[in-house]
Amino acid sequence: MAYEPPKQSFADQIFDVITLLVLTIGALYIPLYLGLAGAAKVPDPIPDPTWEALGQNATEQQQWAALGIIDPAAANDIITARFDYSFSWASLIVMAVLVIGYFVMVVRLSDREYREVIEERFGTERH
């Protein structure tokens with residue numbers, strides 16, 4: 001006897017696709033909106049900058065000119081910006097709890113669905 005999976009209506013399929021799309025976009029953009037993604041760059045501008053004070057040699061100055069930046073003052077914030085690598089134990093713990101909780105949920109749901117498929121396919125016979 002061939003296995004017949006349960007039928008899903010067209011409306012349910014559309015609902016599933018929209019739900020997955022919203023969850024995917026949300027997972028990508030919510031951290032950006034909350035300011036949790038990426039490291040913040042904090043400029044530390046040099047007063048009255050020169051290319052030499054910014055540590056740029058002649059070749060680098062040519063590359064800045066190729067980008068349309070000829071004045072060292074215009075490149076000052078870009079060159080002096082440094083990533084903020086501050087660390088928070090609370091954020092790490094919250095993230096670990098969320099990730100571990102997600103994986104526990106996925107494993108439990110997958111186990112339940114796997115058992116339902118086995119039950120549906122093979123019945124309750126035990127050997």
Side-chain angles (χ1 to χ4, degrees):
M1 167 171 62
Y3 172 70
E4 289 284 330
K7 301 293 182 204
Q8 186 179 31
S9 71
F10 182 73
D12 287 342
Q13 291 178 23
I14 295 298
F15 176 77
D16 286 349
V17 168
I18 291 171
T19 301
L20 289 173
L21 186 61
V22 167
L23 290 173
T24 302
I25 291 172
L28 293 172
Y29 284 105
I30 287 175
L32 293 175
Y33 292 132
L34 296 177
L36 301 173
K41 289 171 65 172
V42 181
D44 186 19
I46 298 171
D48 300 322
T50 63
W51 287 117
E52 293 74 25
L54 292 171
Q56 304 296 299
N57 61 33
T59 304
E60 292 168 329
Q61 291 173 37
Q62 290 174 352
Q63 295 303 314
W64 282 107
L67 292 172
I69 299 175
I70 299 171
D71 183 26
N76 194 3
D77 283 348
I78 299 170
I79 294 171
T80 61
R82 298 293 178 254
F83 286 104
D84 177 16
Y85 292 107
S86 58
F87 181 79
S88 164
W89 281 102
S91 296
L92 176 67
I93 291 168
V94 168
M95 185 59 63
V97 167
L98 289 174
V99 169
I100 291 168
Y102 170 76
F103 282 113
V104 167
M105 181 192 73
V106 166
V107 168
R108 292 192 64 165
L109 290 175
S110 297
D111 180 59
R112 184 180 317 140
E113 290 178 10
Y114 177 72
R115 290 179 188 278
E116 288 174 4
V117 168
I118 296 299
E119 174 72 25
E120 197 173 301
R121 174 69 175 104
F122 299 108
T124 57
E125 296 178 25
R126 304 273 181 202
H127 295 289

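- Both Tyr33 and Ile25 are part of a single hydrophobic cluster, where members link through side-chain heavy atoms under 4.5 Å apart.
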Run the side-chain donor-acceptor check on residues 9-21: report pairs under 3.5 Å with partners two or more places apart or on a different chain.
unit_1: Ser9; atom_1: OG; unit_2: Asp12; atom_2: N; d: 3.2
unit_1: Ser9; atom_1: OG; unit_2: Asp12; atom_2: OD2; d: 3.3
unit_1: Gln13; atom_1: NE2; unit_2: Gln8; atom_2: O; d: 3.3
unit_1: Asp16; atom_1: OD2; unit_2: Gln8; atom_2: NE2; d: 2.5
unit_1: Thr19; atom_1: OG1; unit_2: Phe15; atom_2: O; d: 2.8

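- Remark: Asn57 pairs with Thr59, Glu60 by the side-chain contact (heavy atoms from CB on, under 4.5 Å) rule, at least two apart or across chains.
- Nearest heavy atom pair, residue Phe87 against residue Leu92, reads CZ-CD2, 3.7 Å.
- The hydrophobic cluster containing Leu32 also contains Leu28, counting ILVMFWY residues as joined when their side-chain heavy atoms lie under 4.5 angstrom apart, directly or transitively.
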For a quick test of your reading: what N or O donor-acceptor pairs under 3.5 Å do the side chains of residues 106-117 make, sequence neighbours left out?
unit_1: Ser110; atom_1: OG; unit_2: Val106; atom_2: O; d: 2.8
unit_1: Asp111; atom_1: OD1; unit_2: Arg115; atom_2: NE; d: 3.2
unit_1: Asp111; atom_1: OD2; unit_2: Arg115; atom_2: NE; d: 3.1

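- Contact between Ala53 and Ile46 at its shortest, heavy atoms only, is O-CD1, 3.5 Å.
- Across Gln56 and Gln61, no two heavy atoms sit closer than the pair O-NE2, 3.3 Å.
- Hydrophobic clustering (ILVMFWY, side-chain heavy atoms < 4.5 Å, transitive): Met105 and Met95 are in one cluster.
- The two residues Ile79 and Trp64 make their nearest non-hydrogen contact at CG1-CZ2, 3.4 Å.
- Here the closest heavy-atom approach between residue Pro49 and residue Ala73 is recorded as CG-CA, 3.7 Å.
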